[in-house]
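Note that the structure is a prediction, hence the values are computed from the model and not measured. Letters go in sequence order (proteins before strands), and every chain restarts at 1.
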Protein chains: 2
Amino acid sequence: MRIAEAAAACGLSAHTIRFYEKSGMLPEIERGTDGHRRFTPRLIEWLTLLYWLRETGMSLEQMRRFTTLAKAGDAGVEERRQILSDHSATLKVKRATLDKCESILAIKIASYGQNTKEDDP
Amino acid sequence: MRIAEAAAACGLSAHTIRFYEKSGMLPEIERGTDGHRRFTPRLIEWLTLLYWLRETGMSLEQMRRFTTLAKAGDAGVEERRQILSDHSATLKVKRATLDKCESILAIKIASYGQNTKEDDP
DNA sequence: CTATTGACTTAGAGTTGCTCCAACTCGCTA
DNA sequence: TAGCGAGTTGGAGCAACTCTAAGTCAATAG
């Protein structure tokens, strides 16, 4: 699999995949005789996980740490679990933020019917 | 109200408030004889709304547009409503993203018990 | 057998949205 | 009058992309 296909499969752009590689967030990627990257299904899965982590706000720093642990094998499994469950906790907070904002928006939108001066400074 | 209090009240930092002002996302702010900004309750409300919009991912560009419309008064009320309801729709998408990621995390975390090789590249 | 097309490569500049720093002013207390 | 604390400004720095320029390589078209 080449980079364009990989990008389509995992959700990241080709640019971002290269950027992630350079930033040390990916395992070594094999190259073909043409020097182009070749992506295995395993790697696509990894990229897809990174996509979701990033999409929900994990920092590159955290993702780098996570990758480093994964490369180290069994030793880091406990910290890896910790990182993921911490992230899961922050998702709950983010959801509460969305909910709060939605209710503010609903009130605000409703107020426009009554009172067009609502926003004036 | 001075900038520090305003920051505490709306959730934005003093730095960010100044930055938003310079970027044209706030109405004119009065100054005291000392040249310091004075914040009215009205303005605090406005800042609080911006805080929630930004916190949930609205771009500064959108927020600038929204402010411009608000300054224009009644004329822009329809577009303002549109901006807010568009944003509300993107919040629903974001929530779906969070949910999806949470379920991926749950599966991943569970898999660490069974199979510590799970992540290896 | 060249020539062009298209997908890839790299290094590096640009963008967004802050965040912090340096150097300054002002009003106030001691 | 000296120092403190809260504010002021312009500008540098940072994260996480995102895009551009200039080039390589393989394959097909003429």
Side-chain angles (χ1 to χ4, degrees), chain A residues 1-26 28-40 43-44 46-68 83 87 90 94 97 101, chain B residues 1-26 28-40 43-44 46-68 83 87 90 94 97 101:
Chain A
M1 236 190 190
R2 346 248 292 159
I3 200 165
E5 274 176 286
C10 74
L12 298 166
S13 73
H15 278 303
T16 301
I17 293 173
R18 284 193 279 262
F19 170 70
Y20 280 9
E21 186 191 22
K22 203 162 54 172
S23 314
M25 271 156 1
L26 302 180
E28 280 221 7
I29 305 179
E30 276 180 73
R31 305 290 183 122
T33 52
D34 54 1
H36 295 188
R37 293 169 187 80
R38 291 310 156 115
F39 294 80
T40 61
L43 188 43
I44 300 294
W46 187 253
L47 289 168
T48 305
L49 177 62
L50 292 185
Y51 167 79
W52 286 105
L53 293 177
R54 182 80 274 284
E55 195 68 6
T56 53
M58 183 179 284
S59 71
L60 298 197
E61 191 50 44
Q62 274 287 64
M63 281 159 58
R64 217 180 334 260
R65 177 76 188 141
F66 188 65
T67 304
T68 306
I83 288 174
H87 189 62
T90 78
K94 275 180 202 290
T97 301
C101 188
Chain B
M1 238 190 189
R2 347 246 294 160
I3 200 165
E5 275 176 285
C10 74
L12 298 165
S13 73
H15 280 304
T16 302
I17 293 173
R18 284 193 278 263
F19 169 71
Y20 280 10
E21 187 191 20
K22 204 161 54 173
S23 314
M25 270 156 2
L26 303 179
E28 279 220 8
I29 305 179
E30 275 181 73
R31 305 292 183 121
T33 52
D34 54 1
H36 295 188
R37 293 171 185 80
R38 292 311 157 115
F39 294 80
T40 62
L43 189 44
I44 300 294
W46 186 253
L47 289 169
T48 306
L49 177 61
L50 292 185
Y51 167 79
W52 286 104
L53 293 178
R54 181 82 274 284
E55 196 67 7
T56 53
M58 183 179 283
S59 71
L60 297 198
E61 191 50 42
Q62 272 291 61
M63 283 160 56
R64 218 181 330 263
R65 176 79 187 140
F66 188 65
T67 304
T68 306
I83 289 173
H87 189 61
T90 77
K94 276 180 201 290
T97 302
C101 188

Just how far, in rounded Å, is [atom2] of [N] from [atom1] of [X]?
{"X": "Lys22(A)", "N": "dA15(D)", "atom1": "NZ", "atom2": "C1'", "value": "14 Å"}
{"X": "Met58(A)", "N": "dA15(D)", "atom1": "CE", "atom2": "P", "value": "17 Å"}
{"X": "Phe19(A)", "N": "dT9(C)", "atom1": "CZ", "atom2": "P", "value": "16 Å"}
{"X": "Glu21(B)", "N": "dT8(D)", "atom1": "CD", "atom2": "P", "value": "8 Å"}
{"X": "Glu30(B)", "N": "dG7(D)", "atom1": "CD", "atom2": "P", "value": "17 Å"}
{"X": "His36(B)", "N": "dC28(C)", "atom1": "NE2", "atom2": "C1'", "value": "13 Å"}
{"X": "Arg64(A)", "N": "dC17(D)", "atom1": "CZ", "atom2": "P", "value": "11 Å"}
{"X": "Ile17(B)", "N": "dT8(D)", "atom1": "CD1", "atom2": "C1'", "value": "14 Å"}

request  = Can you establish whether the number of heavy atoms outside Glu30(B) located under 6.0 Å from its atom CD is more than 12?
outcome  =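 Atom CD in Glu30(B) is not crowded, with 12 or fewer foreign heavy atoms closer than 6.0 Å.
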
* If each of Thr16(A) and His15(B) is mapped to the nucleotide of DNA chain D with the nearest heavy atom, which maps nearer the 5' terminus, i.e. the 5' end? ->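 The residue closer to the strand's 5' end, by nearest nucleotide, is His15(B).
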
Whichever of Arg18(B) and Ser13(A) has the more 5' nearest nucleotide on DNA chain D, that residue is Arg18(B)

Taking the side chain of [X] as heavy atoms from C-beta outward, which of [options] is closest to it?
{"X": "Arg37(A)", "options": "dT8(D), dC8(C), dC18(C)", "answer": "dC8(C)"}
{"X": "Arg2(B)", "options": "dT10(C), dG7(D), dA26(D)", "answer": "dG7(D)"}
{"X": "Thr33(A)", "options": "dA26(D), dA11(C), dC8(C)", "answer": "dA26(D)"}
{"X": "Asp34(A)", "options": "dC8(C), dC25(D), dG12(C)", "answer": "dC25(D)"}
{"X": "Leu60(A)", "options": "dA16(D), dC8(C), dT8(D)", "answer": "dA16(D)"}

message: With a 6.0 Å cut-off on the ring centroids, do Phe39(B) and Trp46(B) count as close?
response: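 Judged by ring-centre distance (under 6.0 Å), Phe39(B) and Trp46(B) do not meet the cut-off.
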
List the steps, then state whether side-chain contact (heavy atoms from CB on, under 4.5 Å) holds for Thr90(B) with His87(B). CA-CA 5 Å; Thr90(B) 77; His87(B) 189 61; 3.7 Å; yes

Exercise for the section: With side-chain contact (heavy atoms from CB on, under 4.5 Å) as the test, would you mind laying out the steps for Arg37(B) and Glu21(B) before giving the verdict? Expected result: CA-CA 11 Å; Arg37(B) 293 171 185 80; Glu21(B) 187 191 20; 2.7 Å; yes

Q.
Run the side-chain contact (heavy atoms from CB on, under 4.5 Å) test on Thr16(B) and Arg54(B) for me, step by step, so that the C-alpha distance in whole Å, both residues' side-chain angles and the decisive distance to 0.1 Å come before the verdict.
A. CA-CA 11 Å; Thr16(B) 302; Arg54(B) 181 82 274 284; over 6 Å; no

Quick check on the helix from dC1(C)-dG30(D) to dA30(C)-dT1(D): what's the angle between its two end axes, five base pairs per end, to the nearest 10°?
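Roughly 20° between the end axes, to the nearest 10°.
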
* Please lay out, stage by stage, how Tyr20(B) and Thr67(B) fare under the test side-chain contact (heavy atoms from CB on, under 4.5 Å). => CA-CA 11 Å; Tyr20(B) 280 10; Thr67(B) 304; over 6 Å; no

Q. So does Arg2(A) pair up with Glu5(A), basic N to acidic O under 4.0 Å?
A. no

What's Arg31(B) touching, base or sugar-phosphate or nothing? Going by heavy atoms closer than 4.0 Å.
sugar-phosphate

Open item on the list: Counting the atoms with a prime plus P, OP1 and OP2 as sugar-phosphate, which does Ala14(A) contact under 4.0 Å by heavy atoms, base, sugar-phosphate, or nothing?
Closed with: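 Contact class for Ala14(A): none.
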
Margin query: Could you measure the distance from the CG atom of Leu43(A) to the CD1 atom of Ile17(A)? Nearest 0.5 Å is fine.
Written below: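 With rounding to 0.5 Å, CG (Leu43(A)) is 8.0 Å from CD1 (Ile17(A)).
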
Original post:
Looking at Tyr20(A), does any N or O in its side chain come under 4.0 Å of the phosphate oxygens OP1/OP2 on dC17(D)?
Top reply: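 For dC17(D), OP1 or OP2 has a side-chain N or O of Tyr20(A) closer than 4.0 Å.
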
